[in-house]
Amino acid sequence: MDLSKLNPPQREAVTTLEGPLLVLAGAGSGKTRVITHRIVHLLNERPFGASARNILAVTFTNKAATEMKERLVKMAGPRAQGVLVCTFHAFGAEMLREDVHRLGWPKKFAIADMGDQLSLIRRAMRDHKVDDRAFDARKVLTLISKAKNSGQPPSPKPEGIGDDYDLITHLVYPSYQLALKAQGSVDFDDLLVLPARLLREHEDLKAKYTRRFRYLLVDEFQDTNLAQMDLLRLLTGESMNVCAVGDDDQAIYSWRGAEVKNILQFDTYFPGTKEVRLEQNYRSMQVVLDAANAVIAKNPERKPKRMWTDRAGGARIRVVKCPNDEEEARYVAREIEKHIAHGIPADDIAVLYRTNGQARPVEEALREKGIGYEVVGGSEFFDRSEVKDVIAYFKVIANPKDEVSLLRIVNVPARGIGDVTMERLHTHARGQGVSLWEAMERSEGYEDLPTGAGAKVREFLRMIERYRGLFEGGNLAHVTRNLLEEIGFKEAARAKAVSVSSGDKKVKSVEQVLTSLENFEKREGPKASLLTYLNRLSLDTRQEEDEDELPGGNRRVTLMTVHSSKGLEYRLVFFIGMEEDLMPHKGMQGEPQNLEEERRLCYVGITRAKEHLYLTRAAIRVKRGKDVPCTPSRFLEDLPPETVELIDLEAPRTGAPTVEEKNFFANLKERFKAKGPGGGPAPGTPGGPRGS
DNA sequence: TATCAACCCTTTTTT
DNA sequence: AGGGTTGATA
């Protein structure tokens, strides 16, 4: 490996192998390069005989993990296969897979998704006589998650209770945790908390893991939370060979409990930390970097740093005002078409937005033009009710104690087992202290149950048990097909639909589940089971790529939230919806820290661009089916005028610009004039707005 | 117990 | 706009 291609601080980060190391890596400073080179360097140097399996690299997403692993293998060959690259959560799941029984969970535990969590919380609320409609279960979930991540055990703590939600949380948290355990499940937070407990309470495990993982690397360290830090410290052990890479300016997950503190106080957790700063940006042109720096500079309390680049100049940033969100999308599609014609490959183009809902119009506009695209994240597929139903069948078959899923499917398709019946069974289950499933098994003796209802319940039970046996033999997709056929699932789904086309869509999504299951079996081979499939599903939200042939080869434009774009880069970036209440998002403006995080989010979005950047906004946007006038994002006003080219798409047929908008543009134009215009778009780039 | 119409609220971001 | 829930009716 050629270390001379690295700049001095990069080289230092790569070659400092022993002891704690904190790499403060600004946007585009070659962070990933440092991590991969460092791992390859470890493989080459073999300090104290260390080999690939002594290295653990933790990334933020599964996507990042896969990509890093691929890169490593490319750089270092097959010996890099032994390096473990994964997310904290995936790592935790792996640890639990082996040893969670020591904490009283079954070896075959399931991972509860957010829907499961909310159902359990709602039921716990009802058990505590809390109206689950008057109080938002999601808020309770957030509070429980915060409690877990800050190390609070599930015991009610009378002091420190503030408002109603605090009280409810203290009531509900223990019941929730008990219910979770009773159905043999763990939630996302448990994937971090329970492994830490294993290491803390079991010396042999601590020895096993610290001996195995002697070199730890953590990417995106600014977005780790307390539980992750805790786990990291336990894994690090005495050696403290830990390398954390991050950028406090890109901390955008505080809402999930991430603590920038982890980066700012790294040295107190790991005494003797060596700090390396990477301040040269290799990614973006000067213009883009100037804009990004101007936006982030307004945040107080950052680690001082100055990003610079030697890539002078660049195309001005297009700040585009569009009449409405639909026009915005069509403008984006038109420009993408032009840039592709000018030689920028589609897979070097990204459209970024604050909320997943903004993807819709863009998708439509791109489809209209026949431009291939891929939507990252946005679990739309797994949110469809028929998909959830099929998954719920899997969950019940894999784990009969999963009450949430059982209740979901017991009457889907309708088989005459209604709410009344299930309610009665539930009462019996409670009374006898058994699971709902067991109550169903014993239902023959229940007097309040009509014989017809009881018979149907037991018939359902036998059917599920029969399929449990069939699934044991592998052939998951095939068995699933039989199951769905037997219960008439597709027909029922189609019948439930409001229209023919939506019925077709439902059937198609069911078929997609089958395809995904088939692919999973192909990848995993004989060790594929329903449980491993379900666990992979909850840990890795990536959708399968469909293999459709596209006009422009298989290169696609990427559509995603700014959050998902962290760590990625594109030659051409569209950051859409640059409006107040969207970017920064509504409700994020009260607390100053929230606004600061929105600003960092904006910074992250801007710094994804290597060459061309568009910041678009709509004067009118459809929100919940209503036209809402929108004012420009305050962040636009922070852009240095000399980096900006203002474009105002023709006024719409309806809706004149608001006074604020007029003022804003007048203002920016004045500043623009004062600084002196720098001419039109840079050579070789497509022109401004033109009608279609 | 199933079905249909009226009403409701949603929306931040993700492992 | 869209899906989910509630309440009246078969």
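Lettering of chains follows the sequences in order, A, B, ..., and the numbering in each one begins at 1.
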May I have the distance from A:Phe60 (atom CZ) to B:dT13 (atom C1'), rounded to whole angstrom? 10 Å
Rounding to an integer number of Å, can you tell me how far A:Met114 CE sits from B:dT13 P? 9 Å
Quick one: ring-ring contact (aromatic ring centres under 6.0 Å, His included) partners of A:Phe91, sequence neighbours excluded? A:Phe213
Report the residues that fulfil side-chain hydrogen bond (donor to acceptor under 3.5 Å, both in side chains) with A:Lys490, sequence neighbours left out, ordered by chain and then residue number. A:Glu511
Salt bridge or not for A:Arg256 and A:Asp223, using N-O below 4.0 Å? no
Given protein heavy atoms under 4.0 Å, the one-letter contact record of nucleotides 1-10 of chain B, with B base, S sugar-phosphate only and - none, is simply SS-------B
So, does A:Ser385 get its side chain near the phosphate of C:dG3, meaning an N or O under 4.0 Å from OP1 or OP2? no
Using a cut-off of strictly less than 4.0 Å, decide whether A:Ser564 has a side-chain nitrogen or oxygen near OP1 or OP2 of B:dT14. yes
Are the ring of A:Trp255 and the six-membered base ring of B:dT13 within the stacking cut-offs of under 5.5 Å and under 30°? yes
Between C:dA1 atom C1' and A:Asp627 atom CG, what is the distance in whole Å? 12 Å
Whole angstrom value for the distance that separates C1' of B:dT15 from NE2 of A:His563: 13 Å
Check the distance between B:dT13's P and A:Glu598's CD and give it to me in whole angstrom. 11 Å
Pairs satisfying salt bridge (Lys or Arg N to Asp or Glu O under 4.0 Å), at least one member in residues 185-199 of chain A, at least two apart: A:Lys148-A:Asp187, A:Lys148-A:Asp190, A:Arg197-A:Glu201
Rounded distance in Å - CD1 (A:Ile144) to C1' (B:dT15): 17 Å
Starting from P on B:dT14, measure out to NZ on A:Lys63 and report it in whole angstrom. 13 Å
Quick one: is B:dT14 close enough that its OP1 or OP2 comes under 4.0 Å of any side-chain N or O from A:Asn356? yes
Residue set satisfying side-chain hydrogen bond (donor to acceptor under 3.5 Å, both in side chains) with A:Tyr446, at least two apart, ordered chain then number -> A:Gln432
Which residues pass the salt bridge (charged side-chain N to carboxylate O under 4.0 Å, His left out) test with A:Arg233, sequence neighbours left out? none
